[in-house]
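Each chain gets a letter, A, B and so on, in the order the sequences are listed, and its residues count up from 1. Bear in mind the structure is a predicted one, so any value in this text is a computation, not a measurement.
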2 protein chains.
Amino acid sequence: MALKRRNTEIKEGILHILTGSKAALSQTDVEEQLNVPADRATIFRTLNRFVEDGIAHRIVSEEGKSYFAVCTGKCASGHHHDAHYHFHCLECRKMECMKDEIQVKLPKGYKLMQANVVLTGICAACR
Amino acid sequence: MALKRRNTEIKEGILHILTGSKAALSQTDVEEQLNVPADRATIFRTLNRFVEDGIAHRIVSEEGKSYFAVCTGKCASGHHHDAHYHFHCLECRKMECMKDEIQVKLPKGYKLMQANVVLTGICAACR
DNA sequence: CTGTGTGCAAAGGGTTTGCAAGTAC
DNA sequence: GTACTTGCAAACCCTTTGCACACAG
């Protein structure tokens with residue numbers, strides 16, 4: 001079972017940033033946008049806690065960096081429906097969450113637990 | 001334009017390993033399977049060169065690690081068709097290349113250049 | 001008061017680079 | 001001989017952890 005959570009300024013600040021952002025944000029992004037001073041480790045732990053608690057989901061870019069975005073409705077703790085895909089723009093570096101989910105037809109016997117789908121290219125705004 | 005390539009034992013050894021493997025391999029995997037002694041940096045550069053030259057493609061796992069696999073036919077230098085998806089087994093840690101390609105319907109104006117699709121779970125062999 | 005949250009500092013792990021020596025052609 | 005390759009060593013970047021103190025409930 002999960003630990004109890006407390007409300008703190010930092011947590012709410014981070015959540016507010018995530019909620020207000022259309023794109024998924026890296027830890028560094030969050031760090032820069034946060035107006036409350038906070039340690040790297042704190043942000044790291046907070047983001048991970050959000051993922052654990054089903055508040056946000058993590059996307060790993062093709063560069064190996066983690067990005068975070070608030071979950072849209074369907075996510076529950078430990079059971080994410082984040083099979084929607086993401087678009088990472090090489091120009092503006094934004095990691096956008098796309099609405100559509102990918103359709104996967106896994107062979108027999110395979111148990112799917114998570115999906116990490118990142119498309120890379122140039123977004124509409126940058127062309 | 002690309003540099004000229006030379007044939008060396010290390011390069012051929014690495015290529016042989018990749019060709020003979022059904023799963024995509026990490027740099028460490030290659031390092032362990034290589035019978036010729038080779039430096040980390042060399043393997044790193046060789047793998048990257050393979051990707052540049054269109055011989056192999058790179059897949060980044062949900063953990064941020066890179067995996068490499070030989071391209072299947074359609075890949076050309078700088079223009080990969082690696083939109084097929086990959087399955088990363090949490091049990092045996094294998095990164096399998098699946099044959100099917102994902103279908104993506106990108107919004108207008110988006111230019112797709114690369115895809116990194118990794119599904120995570122338990123593979124058939126591990127259940 | 002109890003246990004979660006935070007900061008500081010340091011380690012970890014994979015990736016990347018500079019430079020000089022080695023070697024394919 | 002030229003220029004691509006390799007090894008060594010070190011740097012890099014993001015991520016992660018230990019520990020002691022701060023603070024919400």
Checklist entry - Is B/T42 near enough to D/dC8 that one of its side-chain N or O atoms lies under 4.0 angstrom from OP1 or OP2? => result no
Checklist entry - Would the A/F50 and A/F68 ring centres measure less than 6.0 Å apart? => result no
Next on the checklist: In this structure, how many angstroms lie between the C1' atom of D/dA24 and the NZ atom of A/K11, rounded?
Outcome noted: 10 Å
Item to check | Contacts of type side chain to side chain donor-acceptor pair (under 3.5 Å), residue B/E91, not counting sequence neighbours | outcome: none
Item to check | B/R40 atom CZ, over 12 foreign heavy atoms within 6.0 Å | outcome: no
Checklist outcome for this item: note: B/I43, atom CD1; C/dT16, atom C1'; distance rounded to Å ~ 15 Å
Checklist entry - Parallel, tilted or perpendicular: which fits the ring planes of A/H86 and A/H57, with parallel below 30° and perpendicular above 60°? => result tilted
Next on the checklist: Output the rounded distance in Å from CD (B/E52) to P (D/dT5).
Outcome noted: 11 Å
Item to check | Nearest non-hydrogen partners of B/H84 and B/K99, listed with the distance | outcome: CB-O, 3.8 Å
Listed pairs, N/O of protein and of nucleotides 21-25 of chain C, under 3.5 Å:
unit_1, atom_1, unit_2, atom_2, d
C/dA24, N3, B/R6, NH1, 3.1
C/dA24, N3, B/R6, NH2, 3.3

Next on the checklist: Over the length of the helix from C/dC1-D/dG25 to C/dC25-D/dG1, how much do the five-pair end axes diverge, rounded to 10 degrees?
Outcome noted: 30°
Next on the checklist: Which Ile, Leu, Val, Met, Phe, Trp or Tyr residues join A/I59 in one cluster when any pair of side-chain heavy atoms under 4.5 Å counts as a link?
Outcome noted: A/Y67, A/M95, A/V118
Checklist outcome for this item: Here the pair of heavy atoms bringing B/Y85 nearest to A/K105 is OH-O, 2.9 Å
Item to check | Value in whole Å for how far the P atom of D/dT6 lies from CG of B/L34 | outcome: 11 Å
Checklist entry - Within a reach of under 6.0 Å around NZ of A/K94, are more than 12 heavy atoms found that belong to other residues, nucleotides or ligands? => result no
Please list, for nucleotides 9-17 of chain D, all pairs of protein and nucleotide N/O atoms separated by less than 3.5 Å.
unit_1, atom_1, unit_2, atom_2, d
D/dT15, OP1, A/S66, N, 3.0

Next on the checklist: Base, sugar-phosphate or nothing for B/S26? Non-hydrogen atoms, less than 4.0 Å.
Outcome noted: nothing
Checklist entry - How many Å lie between CG on A/D53 and P on C/dG5, as a whole number? => result 9 Å
Item to check | Nearest-Å distance for atom pair CZ/P, residues B/R49 and C/dT17 | outcome: 12 Å
Checklist entry - Does A/K4 put a side-chain nitrogen or oxygen below 4.0 Å from OP1 or OP2 of D/dG25? => result no
Next on the checklist: Please give me every residue in residues 16-25 of chain B whose heavy atoms get under 4.0 Å of an atom in DNA chain D, ordered by residue number.
Outcome noted: none
Checklist entry - Taking atom C1' of C/dC8 as reference, at what distance in whole Å does atom CD1 of A/I10 sit? => result 13 Å
